[in-house]
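Inspection log for the structure reproduced underneath, given as structure tokens.
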Amino acid sequence: MDGAGSVQKMSGSVVGAQRLGKTFGDGSVVALEDATFDIRPGSFVSLVGPSGCGKSTMLRLIAGLIGKSSGELMVHGKSVEGPRTDVGMMFQKATLLDWRTAIENVLLPTEVSRTVTKADRKHAADLLRMVGLKDFLFAYPSQLSGGMQQRVALARLLQTGVDLLLLDEPFGALDEFTRERLNVELMRIVTELKSTTLFVTHNIAEAIFLADQVFVMTPRPGRIAQIVEVPFDRPRPLSIQTSPEFNALVAEVRDILGEDH
Amino acid sequence: MAIAESTLQKGSGGISVRQRKMLTHAAIFLILVGLWEIGSRTGWLDPLFYPRPTNILRSFWLIYIANGNIWFHLYATMVLVFAGWLAGSILGVGLGALVGFNPLVRRFLKPYVIVLEATPRIAVAPLLIALLGFGAPSKIAIIMLVCFFAPFINTLSGVVNVNEDRLELFRSLGASKMQVLRKLVLPDAIPVIMAGERLALTAALSGALVAEFIQRDEGIGSLILIYTRNLNMASAFACIFTLTIVGFLIFRGMERLDLWIAYWKSETGMKRVGARRARQMKGDI
Ligand SMILES: Nc1ncnc2c1ncn2[C@@H]1O[C@H](COP(=O)(O)OP(=O)(O)O)[C@@H](O)[C@H]1O
Ligand SMILES: [Mg+2]
């Protein structure tokens, strides 16, 4: 903490980081270096960059799954000290439990924190309907396609009721059509719920299409090279990707990432 | 499917492919039994060691109905098998879970597990009798010894090989150790534990027979021993075939139990439990 000024500044943001760093091993692997940023409530931030640039590390730090090596990290105005339940994560793998139906999987976060009520079950069912699975409430994961499994995982994430969502390449393993459709739905849902969202991807167009701000990251050492503002309102149509403004942003990000991207 | 079958039925004069297969099997079986019967009648097979099938049938009638003396022994064996299996399972699963959850215990126990795995455990049976005396306790101890290993190893590996991503999910939800155990580790390990239990039950049947061979007081094992000693091979065969049927029923029963417990491994299981969940939550959603 370097004075009252920074506390003041960070209290208005959901996530605030100053010179945040993370090293692994004996300190020789610098996964993230010198990251300073503020994330506004309700905003959508994309983290884009080649693999190994520290995107996952950043999310895991914010979720409190790993400890920082240097700098400051505040979430909801409090320093991150360990795993926290006011943050929700979603990964490339749906990580559903095979022995639970879709709705039971969605109810897992609630079950872990307290006794499940009638209202919780109703909420879980509504979330599954919201992600387009109204006919699959009682289906088991092995009966669902990859895209549908990710929808269940998204509903489970929303069931936690947290307003900070950390998504680590959530649709990265899906085919392009499914991914595009899920991106559009994700944008509709998080905009409606006003969730603050961090979304990791290595697809530049996807990063820009979804976000208010794009953190462009570069590897060795992992750092945020630049933060690019996206001026379009959300939700926005897929067709925006053909506009000259959009393509100018793609070119800008590509430029920051350098030759190899 | 139904259409295809009915077409086939017409094609082969009212007999389906399945029925034809069954008939072929039955025919081959009858021919084999017939050859055996002729063989022992003509003296080509020594009738002392290869009693005529008709004599075996008569023995079945004798031991099951006329004398009815097998029931007592069959009951004794079955009680022994299930008691030993249950005891061995509890020991195996409990020890497996205990070792699985303690990396330290696991490290120090490993050499002993390897030694135990390499030793034919039935060799310890006489020692157990010396220790516990004749009777049910030593018999059950023998069965425990032969059948606890598969549940032990399978539980251990099931508990140790928990998916890292799922563990991280539970951690990120702030789950307690107990919750991780109950909601993740145990359900995840159930199919592999059940596979161990299947092996254990088969081993328990063999273990019970060995225990009865040694103690010779009651059970199918001692009955086989008595009949062979009196050169009543037909009745000994009837006992052996009884065990064949018992073994088959045990196998089938475990298959059923497996489908019932690890319901998410089969379409029918998922349909059944999924429908039940839908009924249970119907009013809430
Ligand atoms: N648990 C760990 N132990 C050692 N090195 C790690 C660990 N996690 C990540 N790293 C290293 O940190 C760097 C950043 O990794 P990561 O955040 O996973 O990148 P990204 O998600 O952008 O692909 C990589 O060089 C990776 O090898
Ligand atoms: Mg990653």
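Chain identifiers are assigned alphabetically (A, B, ...) following the order of the sequence lines, protein sequences preceding nucleic acid strands; residue numbering begins at 1 within each chain.
- Using modelled atom types, one side-chain atom of B:Tyr263 and one backbone atom of A:Trp99 make a donor-acceptor pair closer than 3.5 Å.
- Side-chain contact between B:Arg166 and A:Thr95 is present, with at least one heavy-atom pair separated by less than 4.5 Å.
- Put simply, the side chain of B:Val273 does not reach to within 4.5 Å of the side chain of A:Phe138, judged on heavy atoms.
- When heavy atoms are compared at a cutoff of 4.5 Å, B:Ile190 does not approach chain A at all.
- Within the 4.5 Å cutoff, no side-chain heavy atoms of A:Lys93 are placed close to those of B:Asn163.
- In this structure, A:Met89 and B:Arg171 have side chains that are not in contact, with every pair of non-hydrogen atoms separated by 4.5 Å or more.
- If you measure heavy-atom distances from A:Leu96 to chain B, the contacts under 4.5 Å come from the backbone alone.
- Looking at B:Phe170 and A:Leu97, their side chains come closer than 4.5 Å, going by heavy atoms from C-beta outward.
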side-chain contact (heavy atoms from CB on, under 4.5 Å) evaluation trace for A:Gln143 with B:Lys271: CA-CA 10 Å; A:Gln143 300 173 311; B:Lys271 209 178 258 175; 5.8 Å; no

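- For A:Arg129, the part lying near chain B is the side chain, with the backbone staying farther off; criterion is any non-hydrogen pair under 4.5 Å.
- With contacts defined as side-chain heavy-atom distances shorter than 4.5 Å, the pair B:Lys183/A:Arg100 qualifies.
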Stepwise side-chain contact (heavy atoms from CB on, under 4.5 Å) check, A:Glu111 with B:Gln179: CA-CA 9 Å; A:Glu111 237 179 271; B:Gln179 284 173 325; over 6 Å; no

